[in-house]
Amino acid sequence: MMTMRVLVSLYSGLRSDRFAEAEVELPEGAAVADLLDKLQIPLQDVGIVVVNTRSGTFQQKLQADDRITLIPPIGGG
Amino acid sequence: MPFGYNGKILHVDLTRQEWRVEEPGEKWYRTYMGGSAFASYYLLKLLKPGVNPLSPENVLIFACSVVTGAPISGWNRYTVAAKSPLTHAFGESEAAGYFGPELKFAGFDAIVIRGRAAKPTYLFIKDGEVQFRDAEDVWGLDNFETLLRIQEEVGDKRVRVASIGPAGERLIRFANVSNDVEHFNGRTGMGAVLGSKNLKAVAVRGAKRMESAEPEKVREIARWHNARIKTHPPNVGLTRFGTPGLVKGLNAAGILPTRNFREGVFEGADKLNADAYASILHSSGTCWNCAVKCKRRVALDDEKYPLNPKWGGPEYETIAALGSMIGNDNLPAVARGNQLCNLYGMDTITMGNITAFVMECFENGILTEKDTGGRKLDFGDPDAMLWLIEEVVHRRGIGDILAEGVKTASERIGRGSEQFAFTIKGNDLPLHDGRGKTGVALGYALSSTGADHVETPHDVNFQGDAVAKLYALGLLDPVEPLKTDSAKVRFFALGQKAWGVNNLLSICNFTSVPFHAMTFHNLVEAVRAVTGWDTSLYEIMLAVERSMVMSRIFNLREGLGPEDDRVIRRWHEAMPGGPLQGRKIDEQEFRRAVELFYELSGWDTRGRPTFGKLVELNLEWLQSEMP
């Protein structure tokens, strides 16, 4: 299976037991949801997804060298 | 004929039982645009400084915006405003639900209410006509019974009712206005103003729908928006988990307000979060024409904490207020406390703050069982919270003092209790800890309504590449949540006005810019398509600033000054544990940030807008109002 590497930045509580910034290897054609699975981050714990400085979605397919930012829901209520 | 709005403001004189319609013209609507600005305009024009907020002289305003009722998700809010009996300053609170659009459909963009009815009254507004109706038989009823009774009396189950419960009638200074018992203008005590006017409710019903200048364009944007709501992560979370989804993230970040803002991590948070909520969840609810569906209804067949799906489910603010703030991890009790407050008509944020204040006083021996007729009030005791709600709404014993709000209650209790009474401009705090979000701290310090969580950009959402959501404002540098430097002031000043776009246009933040499903570009396109105005983000943000400056001048006129633009003592003290252990807001640095905001905003060193600023905002008429 072909793989690709993406650069992932995590913020706030998502960093606990993980990392602030790291390269992550994924199967080619993986989506943001696959990245969350790999990092064992429940969808519920993610409020904001940014891919290459654009708003992303959970279904969005990723490409090699993409920059992904994940922020938990910690905004206003 | 105007598009998007009626061009009609309803003026009601309760003393004389008279009403008339004002038609201010397109230029006025385009200058002020909506809710908070409409309210500030009439408060500045009609109210003299120093008026007792609970006297007939106070002016009460219900206001939508020029676009409320356009068929786009979240374009459904309205504001209730008056001089606040809680803060004695600018009072305002927004709510969603169904009331705002229905008011527009009934033929009016806003209602300006003066005087005091000789006996309990409610207004019934239908298709451009107004009736003053006897409310003696509903006076004393809770909000749910009031809703049912008014629906029955007017013979229409689809009438939308904004009402007060017993708390408003008893002039409890944090009484709210309920809209169908699921949506609340919660903050700053607007319910007490209705009570002081003998006004039990405003019921609205209209057959018309708002016409847009380009209806097909509006539908096209609405379809795009609703499709994006289904995939845009912040909205996916709100639809699936509602605002309870915030509990887990805030606790993990170390900023879940706990035990009167003493701590930022609550050991019982897992029992209050979205997973736990499943045990009391009945169904999802929504507001007029909204695809997000973030509202929650709860049910529980339990002798001690019975829950009725028609009495509202707690949202994040309430879960934290009646939960972590008082060290309580019992979610059914939180939900029960929420339903009691909803029925009685009291703001849950203030009720939580008051309970936390009392519990910390108890912990420190400032209040004892002698003050409470033998009742212990310890952190973590859910039944103490429920007991206090009853004492307050019935104004019994210590409840009578607490009914005046945290600040006044602490002044009356004395004995050093003031050190545990946390308010800003007299308003207690929504459940966000500024030590982890300094932009929110600036917002709390500088909002005209005192601590206010919907008037402020939550900086944690714009870290790293997520600042891209603010590129359209010219903000290109990632936001650092813990800093209070010049970059933060720049972010805050622009972010506050971007957030203000939603408030001014009575749009729900959870559907809109800058980080929910609506984009700046499409929001402006939609306003253009609804109103037919060749408008821009610049013109709308200028109107937002106009609104903020007007409420600022209202407060200056009431005697507020730069000393009121501050945060609570506790945020200048180190966080005792958790991920942000040791973190505090430096008092001098924060003061410099506030003063830099004045300078950036065109205000003088006393926080007074300069004449140049008034000229820029077309507000020269307010120069004579400046103290």
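If you're wondering where the values come from, they're calculated on a predicted model, not measured in any experiment. All chains are named by letter (A, B, ...) in the order of the sequence lines, taking the proteins before the strands, and each is independently numbered beginning at 1.
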As a quick check of understanding, evaluate side-chain contact (heavy atoms from CB on, under 4.5 Å) for B/V236 and A/F58, giving each step before the final call.
CA-CA 9 Å; B/V236 171; A/F58 295 118; 4.1 Å; yes

Given a strict heavy-atom distance threshold of 4.5 Å, which part of B/V467 is in contact with chain A: side chain, backbone, both, or neither?
neither

If you count heavy atoms of other groups shown closer than 6.0 angstrom to CD of A/Q40, is the number above 12?
no

Count the heavy atoms of every other residue, nucleotide or ligand shown that sit under 6.0 Å from CD of A/E28, and state whether that count exceeds 12.
yes

Examine whether an atom of A/Q59 lies under 4.5 Å from a heavy atom of chain B, and if so say whether it belongs to the side chain, the backbone or both; otherwise answer neither.
side chain

Any side-chain heavy atom of B/K469 within less than 4.5 Å of one from A/V50?
yes

On a heavy-atom basis, the closest approach of B/Q463 and A/Y11 is OE1-CD2, 3.3 Å

Report yes or no: does B/K437 contribute a side-chain atom to a donor-acceptor pair with the main-chain N or O of A/G75 at less than 3.5 Å?
yes

Top contributor to chain A contacts, counting heavy-atom pairs under 4.5 Å, from B/G237, B/P481, B/P579, B/G464
B/G464

Quick check: are there more than 12 heavy atoms from other residues, nucleotides or ligands sitting under 6.0 Å from CG of A/D37?
yes

Which region of B/D275, side chain (C-beta onward) or backbone (N, CA, C, O), has a non-hydrogen atom less than 4.5 Å from a non-hydrogen atom of chain A, or is it both or neither?
both

Report the C-alpha separation of A/I74 and B/H458 in whole Å, then their side-chain angles, then the decisive distance to 0.1 Å, and conclude whether the side-chain contact (heavy atoms from CB on, under 4.5 Å) test is met.
CA-CA 8 Å; A/I74 46 176; B/H458 287 244; over 6 Å; no

A/T53, part contacting chain B, at a heavy-atom distance under 4.5 Å
both

Is it the backbone or the side chain of A/T57 that comes under 4.5 Å from a heavy atom of chain B, or both, or neither?
both

When rounded to the nearest 0.5 Å, the distance separating NZ of B/K248 from CD of A/Q44 is 5.0 Å

May I ask you to check whether over 12 heavy atoms, not counting those of A/R54, lie within 6.0 Å of atom CZ?
no

Taking every heavy-atom pair that is under 4.5 Å apart, which of A/L14, A/I48, A/V46, A/L43 has the most such pairs with chain B?
A/I48

Of A/I71, A/I68, A/T69, the one forming a side chain to side chain contact (heavy atoms under 4.5 Å, CB included) with B/D465 is A/T69

Whether over 12 other heavy atoms sit under 6.0 Å from A/R15 CZ
yes

Can you give me the closest heavy-atom contact between A/P73 and B/G245, atom names plus distance?
CG-O, 3.9 Å

